[in-house]
Amino acid sequence: MRFLLLTGLWFGASAWAQSSAVSSYLATESVIAKAGLLANIGPSGSKASGAVSGVVVAAPSTNPDYIFTWTRDSALVFKAIIDSFARGEDATLRTSIDQYVAAQKIQQQVSNPSGTVSSGGLGEPKFNVDLSAFTGAWGRPQRDGPALRATALISYGNSLISASNTSYVLANIWPLVKLDLDYVAANWNQTGFDLWEEVNSSSFFTTAVQHRALRQGAAFATALGQTASVAGYTTQAANVLCFLQSYWNPSQGYITANTGGGRSGKDANTALASIHTFDPTAGCDAATFQPCSDKALSSLKVYVDSFRSIYTVNSAVASPGAVATGRYPEDSYFGGNPWYLATMAVAEQLYDALIVWKAQGSLNVTSTSLAFFQQFSSAVTVGTYASTTATFTTLTTAIANQADGFVAIVQEFTPSTGSLSEQYSRSNGAQLSANDLTWSYASILTAVTARNGLAGDNWGAAGLVVPSSCSTSGTGSSSGGGSSGTVAVTFKVTATTTFGENIYLTGSDDALEDWSPTSTLILSAATYPVWSITVNLPASTALQYKYIRIFNGVTTWESDPNNAFTTVASGTQTLTDTWR
Ligand SMILES: *[C@@H]1O[C@H](CO)[C@@H](O)[C@H](O)[C@H]1NC(C)=O
Ligand SMILES: *[C@@H]1O[C@H](CO)[C@@H](O)[C@H](O)[C@H]1NC(C)=O
Ligand SMILES: *[C@@H]1O[C@H](CO)[C@@H](O)[C@H](O)[C@H]1NC(C)=O
Ligand SMILES: *[C@@H]1O[C@H](CO)[C@@H](O)[C@H](O)[C@H]1NC(C)=O
């Protein structure tokens, strides 16, 4: 008894000391991180030279050369900025956010090695910082970018809708979101490169963020009266949720990061997916791998433990001690080192879990999460522990202490300037690879928000039911994909335009946007004056369509009557028209 009491006091005192050291580190570092992040954004960021307005430079580093803008990194960085703006923390961020929206509108239309906007170009991973296409060899496509961008833009759109600015959202944000979500709906079941740009297969992070984007996209479309899009996004979201389950490895108790790649599959990919799909209204739901779900907690422990003995800086510290973690244990890039954003993601997942347990007033220990919880109390058994129990207090106190421990590792290896590179050395913690990585800074800001109990938006994860059998069919949308019962129809129209004017297609089918005068089916001018687009349409179906011109927000329709045709039974079809 006396021994236990002393142990408890000692533990309590050291946890308290760590907690206050971490609080004071984060108070300073979050200011540096915010400034460091904004410094990497054009046009006026002090380290963003050459970047046009609204463009996020991945890092101001020439060796390795990170002076590019990645769709994924930019979306994650702006999601953090948008959430801060939406919480009312800093109204001056609005200018940057509007510049980001304007930049993405341009970037979406840039033809690149992955295709045009209507033929797969949205899956291009990175662009030059003047928004021209990057044409060198690269791991492309990467299909998480459009989903993450849609999520960031929807978050901004929702905050503007709350401020009664819906018409602006409909005219300026919805068209961008629709392009990205139509791409996700049509292509989620195709392989692509993972977030580390190395493995070409299906990837948990990509699938998880695609699911989130489609769910919140359906709600966003509904809020904006864009009903033609809702069913397609909802159908594909259910299909994606079904596929998402397949990454779970029940015998080893972790989420396998990639279906390809020939590695263990233990990867920061899965903790990052959990924090970027956190929805506190979903509780500890395991179907969406919420941060406090038994599957995500079990996976987190397996991932963290895989680094204990491989990095010298970890001195083989045993569980539940916090250690430096990297992307995945087999990593060899720059010698394979811990990454700040990976170690911070572990802390953030734990802070997110604490938010839900405290809100629900209980936590569950299941056979799947038992090993995770036994790190903190070897005597704990499967069961539900209310917040009034000693077990709840013991576990949540120890987990908060472990979460702070991961931040304390980052603190230990932060130089006195507070600047954060991509990696810190596995042997001595010195900074390595690109300096001032924008995503490293964002990872500080999102973890602080979670530690303060403010993280997570309701994106519709609560109460979802996983379909009993997985399907890939029912594609509700057009560009880029393909599914049974559809044929690829190429529309070509000869039309002379003035600079800045574009030609769009609209017509009598969901895939032709149901005669929408704000159709986002923009034609490519690659063979000007012939404009073209390929759309997947239902086979053997009589359809009508028109081309429209949009210039400075003004829409001009072709003259009557409507163009009419019947789609072929299978294969492809080309229609050749002249604007009239
Ligand atoms: C709506 O939001 C946009 C983007 O920030 C802004 O330019 C516009 O002035 C807002 N309109 C209203 C009515 O608040
Ligand atoms: C497509 O979906 C099916 C059904 O979930 C799944 O078995 C298959 O692995 C998926 N393929 C890709 C590349 O996503
Ligand atoms: C990625 O994998 C797909 C399917 O296996 C393959 O068709 C494609 O060529 C691969 N891409 C690259 C760049 O290796
Ligand atoms: C614990 O499990 C019960 C029964 O499955 C469930 O109703 C409750 O929401 C769970 N609570 C948490 C915090 O996961």
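Heads up: numbering here begins at 1 and tracks the sequence. Since the structure is predicted, the reported quantities are computational estimates derived from the model, not experimental observations. In listed order, ligands and their atoms are each counted from 1.
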Quiz prompt | Side chain proximity check, D285 to L464, heavy atoms < 4.5 angstrom | solution = no
Quiz prompt | Sub-4.0 Å heavy-atom contact, G283 with ligand 4 | solution = no
Quiz item: Taking non-hydrogen atoms only, is Y156 closer than 4.0 angstrom to ligand 1 via side chain, backbone, both or neither?
Solution: side chain
Quiz prompt | D404 with R451: basic N within carboxylate O range, under 4.0 Å | solution = yes
Quiz item: Numbering the atoms of ligand 4 from 1, which are under 4.0 Å from a heavy atom of N364?
Solution: 1 (C), 2 (O), 3 (C), 8 (C), 10 (C), 11 (N), 12 (C), 14 (O)
Quiz prompt | Ligand-residue contact atoms, ligand 1 with Y168, heavy atoms, under 4.0 Å | solution = 1 (C), 2 (O), 3 (C), 4 (C)
Quiz item: Mind checking whether V554 and I550 have side chains closer than 4.5 Å, heavy atoms only?
Solution: no
Exercise. Determine yes or no for a side-chain-to-main-chain donor-acceptor pair under 3.5 angstrom, with T397 supplying the side chain and T394 the backbone.
Key: no
Practice problem: Please check if the side chain of T222 supplies one atom and the backbone of A218 the other of a donor-acceptor pair under 3.5 Å. | Solution: yes
Practice problem: Please determine if K266 forms a cation-pi arrangement with Y303, meaning its NZ or CZ atom is less than 6.0 Å from the six-membered ring centre and no more than 45° off the ring axis. | Solution: no
Practice problem: Return a yes/no value for D98: is any of its N or O atoms, backbone included, closer than 3.5 angstrom to an N or O of ligand 1? | Solution: yes
Quiz item: Which heavy-atom pair separates A213 from L181 by the least distance, and what is that distance?
Solution: O-CD2, 3.6 Å
Exercise. Give a yes/no verdict on a cation-pi contact between K301 and F372, requiring under 6.0 Å between NZ or CZ and the six-membered ring centre and an angle within 45° of the axis.
Key: no
Does ligand 3 have any N/O atom under 3.5 Å from a protein N/O, and what are those pairs and their distances?
from: ligand 3; atom 1: 2 (O); to: N200; atom 2: OD1; distance (Å): 3.3
from: ligand 3; atom 1: 2 (O); to: N200; atom 2: ND2; distance (Å): 2.4
from: ligand 3; atom 1: 11 (N); to: N200; atom 2: ND2; distance (Å): 2.8
from: ligand 3; atom 1: 14 (O); to: N200; atom 2: ND2; distance (Å): 3.4

If you look only at distance, which donor and acceptor atoms sit under 3.5 Å apart when one is on a side chain in residues 92-101 and the other is two or more places apart or in another chain?
from: T92; atom 1: OG1; to: D90; atom 2: OD1; distance (Å): 2.5
from: T92; atom 1: OG1; to: D90; atom 2: OD2; distance (Å): 3.4
from: D98; atom 1: OD1; to: Y156; atom 2: OH; distance (Å): 2.6

Quiz item: Numbering the atoms of ligand 4 from 1, which are under 4.0 Å from a heavy atom of Q360?
Solution: 9 (O), 11 (N), 12 (C), 13 (C), 14 (O)
